[in-house]
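Labels below follow one simple rule: chain letters A, B, ... track the order of the sequence lines, proteins then strands, and each chain is numbered from 1.
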Protein chains: 2
Amino acid sequence: MNKPPRRPMTLRDVSEASGVSEMTVSRVLRNKGDVSAATRVKVQEAAKRLGYVPNRIAGSLASSHVNLVAVIIPSLKNMVFPEVLSGISESLDGTALQPVFGVTEYRPEKEEKVLFEMLSWRPAGVIIAGLEHSDPSRAMLAQAGIPVVEIMDTDGEAIDACVGISHRRAGREMAEAILAAGYRKIGFMGTQMPLDHRARKRFEGFTRTLAKSGVEITDHEFYAGGSALTKGREMTQAMLARHPDLDFLYYSNDMIGAGGLMYLLDQKIDVPGQIGLAGFNGVELLAGLPRRLATMDACRFEIGACAANIIAKRVAGEDPGPSLVQLTPRIDFGDTLVRK
Amino acid sequence: MNKPPRRPMTLRDVSEASGVSEMTVSRVLRNKGDVSAATRVKVQEAAKRLGYVPNRIAGSLASSHVNLVAVIIPSLKNMVFPEVLSGISESLDGTALQPVFGVTEYRPEKEEKVLFEMLSWRPAGVIIAGLEHSDPSRAMLAQAGIPVVEIMDTDGEAIDACVGISHRRAGREMAEAILAAGYRKIGFMGTQMPLDHRARKRFEGFTRTLAKSGVEITDHEFYAGGSALTKGREMTQAMLARHPDLDFLYYSNDMIGAGGLMYLLDQKIDVPGQIGLAGFNGVELLAGLPRRLATMDACRFEIGACAANIIAKRVAGEDPGPSLVQLTPRIDFGDTLVRK
DNA sequence: GTGAAAGCGCTAACAT
DNA sequence: ATGTTAGCGCTTTCAC
């Protein structure tokens, strides 16, 4: 039985074990340059036998190439972001690039910290949620000299590239659909998140469009914490108690919308006859509900995949295509938003 | 307007800008060693003005200290894992350590690749889901000379430390509860995942315990892909069509369980009078459903937090506590598993 | 309290 | 096809 070596293994160990120079070992392990088949085999065997794991820290320092892509998102608790990550992960799968994730909790200071931390590893690119960043954050991104893709939102000024949807437009289109369907007494429910700029923009797009038609939302409520489904239930109940004459409820996400839907069905309220409903995100989950909630897909997976693709292309020196990719989600009317 | 420098900034730039030696600049930036207040201020100002971001690749190579913790999980699509990540992330928040995530898609080869990739960054520790790994993976982990915490499952042989629950026991306890409640004609539904060892162990614990009481499951079905809620619906419908006399349905996760519950409620079937139901995971989501599905908490957040804690303690040289932490989830009977 | 020298483990560039 | 040399940007160690 060999004890595991205390000193981590180096190229030199493989070199000695195989009787081949460090340089050639390095070449074999990276499939770079011409190496004779015989040497190649000798080296590979030695490396495998020893269980050699290269030290990328040294490698990256020497080559000034890093195969990391920094990905910065607000949260992991909202399924939206894991889905974006999946898109990134899958899109990067064929390449040598590797995603590294950081979470900001919707806090600009935390974003700054995480960004600094990640940039200190000199990643090959950055994918970051949103267009709103502190000045130091923007400065860091601009200075980094690497591709930066801001994702999820296109309403604003991008530093470099941008992939997402217009949340103002999403709010606007939902408002238009609701008005077109004949609803007029409208309530809004959303998360209490001053720093969730995308939710804010949807809300703004929504209320402004209503205003243009002379409609003002009758009631609105914002929540924080707790199970979204439960909150949707509770808020819906409370809002209808305050305004029994409401004929439409727009929810800033599908989860609370689903909660509201469940409540209304429990109460035997006619949906969408008496009250119409809509959410946002197009979460796959909802497909199994008794009635399909109207919603709008946020293109989460696609956004991740496309952003990663831009980074990969740029790193490879290929043409990454346009630096602004605006996806245009369509309304899914489901069963809860229909002409009265 | 200054153009962003093409050559990334180094300590030397800060040194020159501040008139202080590189060495002292380094000390200031790391709060190490004695530096006069005057010099400290000079350096900090220069660093800030220039927007200097240290190069941790060089730093880590020189110091052979890396502040990364590798976290390896099967998937991001199942909310369970983002929750574990949140636990890790929060637990590491006070420390200098930073989590780095890799996804295996439940495939041992991919796990091996991801592990190799991550170990090549010489992380300070590894947190990895499950106890089942390929021989090369186990060898890498054992050789790495860093703390390794295997999480989520305690049924097996850990390489180093282990934090999780016993899924066999979870299956067993659920079986016992179901039998105690008087149910006898039992159906099982789960994911078609030969490589999801935890689901497999729950199933084994479940069926073995039933067998001890002379009960064999009447029917079972495994699904792959699609919306879990929808699948739960469909499978439940199909299974009841095959066996209308079933009196209990055990689902390997809460999502398909919720789908089943919705179907049964739609059909006006008496739950839990005619049929009892149980899921697994304790997903917060379900709190808003019309009836609370019986379930068992998988302690996801807690597992992540505890694992991260062990790594942090070990890295800090403190006592990490016992190397096997077995959490014991209790059954939440909800409204769907009650004595008949 | 500060600085100079050496070297972390690897790879680019240049031999041979 | 293989080896040699220099150095990536920082920190450790030791000197002052």
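Taking atom CZ of residue B/Arg30 and atom P of nucleotide D/dC10, one finds them 11 Å apart after rounding to whole Å. For A/Asn55 and C/dC8, the CG to P distance is 12 Å, given to the nearest whole Å. Whole-Å rounding puts the B/Glu22 CD to D/dC8 P distance at 11 Å. Between B/Leu61 atom CG and C/dT11 atom C1' the separation is 12 Å, expressed in whole Å. Separating the NZ atom of A/Lys42 from the C1' atom of D/dG3 is a distance of 14 Å, rounded to the nearest angstrom. Atoms CD1 (A/Ile57) and C1' (C/dT11) sit 15 Å apart, rounded to a whole Å. If you measure from atom CG of A/Asp34 to atom P of D/dA1, you get 4 Å, rounded to the nearest angstrom. Nucleotide D/dT2 holds its P atom 18 Å from the NZ atom of A/Lys32, rounded to whole Å.
Of the residues near DNA chain C, B/Gly33 and B/Ser64, the one whose nearest nucleotide (by heavy atom distance) lies more toward the 5' end is B/Gly33. Where A/Arg40 and B/Gly59 meet DNA chain D, the nucleotide closest to each residue was compared, and A/Arg40 sits on the side nearer the 5' end.
At C/dT11, one or more side-chain N or O atoms of A/Ser26 fall inside 4.0 Å of OP1 or OP2 (strictly under the cut-off). In this structure, A/Arg12 does not reach the C/dT11 phosphate: none of its side-chain N or O atoms is under 4.0 Å from OP1 or OP2. One finds no side-chain N or O of B/Thr24 lying less than 4.0 angstrom from the OP1 or OP2 phosphate oxygen of C/dT2. For C/dT2, one of the phosphate oxygens OP1 or OP2 lies less than 4.0 angstrom from a side-chain nitrogen or oxygen of B/Thr39. Side-chain nitrogen and oxygen atoms of B/Tyr52 include at least one within less than 4.0 Å of the OP1 or OP2 phosphate oxygen of D/dC10. Between A/Ser21 and the phosphate of D/dG3, there is a side-chain N or O to OP1/OP2 separation shorter than 4.0 Å. Taking 4.0 angstrom as the limit, B/Ser36 places none of its side-chain polar atoms (N or O) nearer than this to OP1 or OP2 of C/dG1.
With hydrogens and angles disregarded, no donor-acceptor distance shorter than 3.5 Å links the side chain of A/Ser26 to the backbone of A/Glu22.
Checking C/dG3, C/dT11, C/dG9 against every side-chain atom of A/Leu11, the shortest atom distance belongs to C/dT11. Listed candidates were C/dT2, D/dG7, D/dT11. Nearest to the side chain of A/Ala62 is D/dG7. For A/Met23, the listed nucleotide lying nearest its side chain is C/dA13; candidates were C/dC8, D/dA1, C/dA13.
Side-chain atoms of A/Arg122 and base atoms of D/dG9 include no donor and acceptor less than 3.5 Å apart.
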Discussion item. Test salt bridge (charged side-chain N to carboxylate O under 4.0 Å, His left out) on B/Lys77 and A/Glu90; report intermediate values, then the result.
Written reply: CA-CA 12 Å; B/Lys77 292 182 178 154; A/Glu90 287 192 20; 3.1 Å; yes
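Aromatic ring pairs are classed by plane angle as parallel below 30°, tilted from 30° to 60° and perpendicular above 60°; the pair B/Phe101 and A/Phe101 is tilted.
Surrounding CD of B/Glu318 are more than 12 heavy atoms belonging to other residues, nucleotides or ligands, all under 6.0 Å away. Shown here is A/Arg12, whose CZ atom has no more than 12 heavy atoms of other residues, nucleotides or ligands within 6.0 Å.
In this structure, B/Arg56 reaches neither bases nor backbone, as no heavy-atom distance under 4.0 Å exists between it and the strands shown.
No option in A/Val315, A/Ile127, A/Thr95 other than A/Ile127 meets the side chain to side chain contact (heavy atoms under 4.5 Å, CB included) test with A/Val69.
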